[in-house]
Protein chains: 2
Amino acid sequence: MTLMERRTPDRRKQVIEAASRSFAAFGYKATTMDQVAKAAGVGKGTIYTFFANKEELFEEILKDLIRELRAVAEETVNHTLPFADNLMQVLQRVLGYRDRHALVAKLSQEVRDLGTPMAKEGLEAVERSIIAYIANHLEEPMAKGEIKRADPQLTAYMMLKMYLALTAEGSHLHAPLSAEEVLAHFRFYCIEGLAVR
Amino acid sequence: MTLMERRTPDRRKQVIEAASRSFAAFGYKATTMDQVAKAAGVGKGTIYTFFANKEELFEEILKDLIRELRAVAEETVNHTLPFADNLMQVLQRVLGYRDRHALVAKLSQEVRDLGTPMAKEGLEAVERSIIAYIANHLEEPMAKGEIKRADPQLTAYMMLKMYLALTAEGSHLHAPLSAEEVLAHFRFYCIEGLAVR
DNA sequence: GAATTGACCGGATTGTTATTTTGGTCAGTT
DNA sequence: AACTGACCAAAATAACAATCCGGTCAATTC
């Protein structure tokens, strides 16, 4: 096995890992193919045997990120528990996923500062995928009557927006909230609502 | 009166109105002081007898906008009605306030496309002022037990974010919603919550 | 003489051209 | 057959010139 790895090291994997680090550290635009090749210990041409261009390489990295988030969610969800509990659990785990967030954070900054179209599209793809995932998992509790019936797509969208409002965006209006505060507030505003019962 | 207007036309008002139109039509950066002076039928120097610089002129226009929104809200609110009803009424009126929205829309676009710092600060000022206003008007219904107790500042912030998610931002994910849909969804997500009662 | 004006100034912005960087290729090496 | 890196054209950046615009103030008007 060690010998085999020596003989045929997995170039593709090397490339993906180097690229992943580079995109997270420098963003889309500032990551050069020469750089990735160097970091991967690979000739530049080799990259192009696996990926048609920089764009496709980037999309692969994003797919990995989405896959990973989905996996984290999947292994956290417990279908015997109430919907709200699952939602909270998943959010808590995703919140703690700092390192993987680095790519998202860097891309967000790049969109703000440089406006790189590719970074913007990438973030939108991640966002769409998260919304689709949540929307999917909304249908069961709705059918079961655990939560009210509503357009799952729109509901998932609103959930994400509220989550982001509590974590990322609102930094300049309310002091950064702790993970527990985020969870408590999310439950309060999103699930329970302001109306008295 | 007509004669008096002829004799001492209100230069300050002329300037403010011309500037207001120009900021709404072209944004902060693309509005030049020469242009404003021309449109106001006034020498450029005159502007500087009322406003120290372009920035102050802009801030005055924003103050006017905020004052106007506040006035619309104030004359709509009926303290004998339930909180949720008032909220809906005010939203409905603000939603229909197309002309005044023009300035906000233009500034939003300018922040997106040009990143003009002054436009960004201006929008944030408007946002802060709206949040402060809502927060103020949350305390009474909270005290009366009409809605649940919570940090008014944060609650107001979440309300605005939800409103914006339903109207402005979400254009690329859900088709633009009609005014009625926005109101219905806002009531659903913000007031009632997803939990079944 | 108070209010108003517009030519004028310098710093910022925009347009232009020269230089460098970088995504992608492919002849040659291993 | 897998892999490499010198090479190319196009895109990005830097350097510089030309223009624009916020702000001032001496001259003008009322």
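Per chain, numbering begins at 1; letters A, B, ... match sequence-line order. Computed from heavy atoms alone, side chains included, the values below leave out hydrogens, waters and symmetry copies.
Between B/L107 atom CG and B/L62 atom CG the span is 7.0 Å, to the nearest 0.5 Å.
Protein atom NZ of A/K44 is 17 Å distant from nucleotide atom P of D/dC3, rounded to whole Å. Rounded to whole Å, atom C1' of D/dA1 lies 21 Å from atom OH of A/Y48. To the nearest angstrom, P of D/dC21 lies 12 Å from NZ of B/K38. Between the P atom of D/dC21 and the CD1 atom of B/I47 lies a distance of 14 Å, rounded to the nearest Å. With rounding to whole Å, B/Q14 atom CD is found 9 Å from C/dT4 atom P. Atom pair A/Q35:CD and D/dG5:C1' shows a separation of 17 Å (rounding to whole Å applied). The interatomic distance linking B/E55 (CD) with D/dG22 (C1') rounds to 12 Å, in whole Å. Rounded to whole Å, atom P of D/dG23 lies 8 Å from atom NZ of B/K54.
Counting only heavy atoms from C-beta on, A/T46 has its side chain closest to D/dT4 among D/dT4, C/dG24, C/dT4. Listed nucleotides C/dT4, C/dG24, D/dT4 differ in distance to B/R11; the shortest reach to its side chain belongs to C/dT4.
Taking 4.0 Å as the cut-off between side-chain N and carboxylate O, A/E140 and A/K144 count as a salt-bridged pair.
Between the side chains of A/T76 and A/Q89, no donor-acceptor pair is found at a separation under 3.5 Å.
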| message | Set out, in order, the CA-CA distance, both residues' side-chain angles and the distance that settles side-chain hydrogen bond (donor to acceptor under 3.5 Å, both in side chains) for B/Q35 and B/K38, then state yes or no. | response | CA-CA 5 Å; B/Q35 206 178 86; B/K38 266 285 181 53; over 6 Å; no

| field | Test log, rule salt bridge (Lys or Arg N to Asp or Glu O under 4.0 Å), inputs B/E127 and B/K120 | value | CA-CA 10 Å; B/E127 191 172 298; B/K120 192 176 171 183; over 6 Å; no

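Remark: B/K13 fails to qualify as a cation-pi partner of B/F50 under the 6.0 Å distance and 45° angle criteria applied to the six-membered ring.
DNA chain D is contacted by B/T31, B/T32, B/M33 of residues 15-34 of chain B, taking any non-hydrogen atom closer than 4.0 Å.
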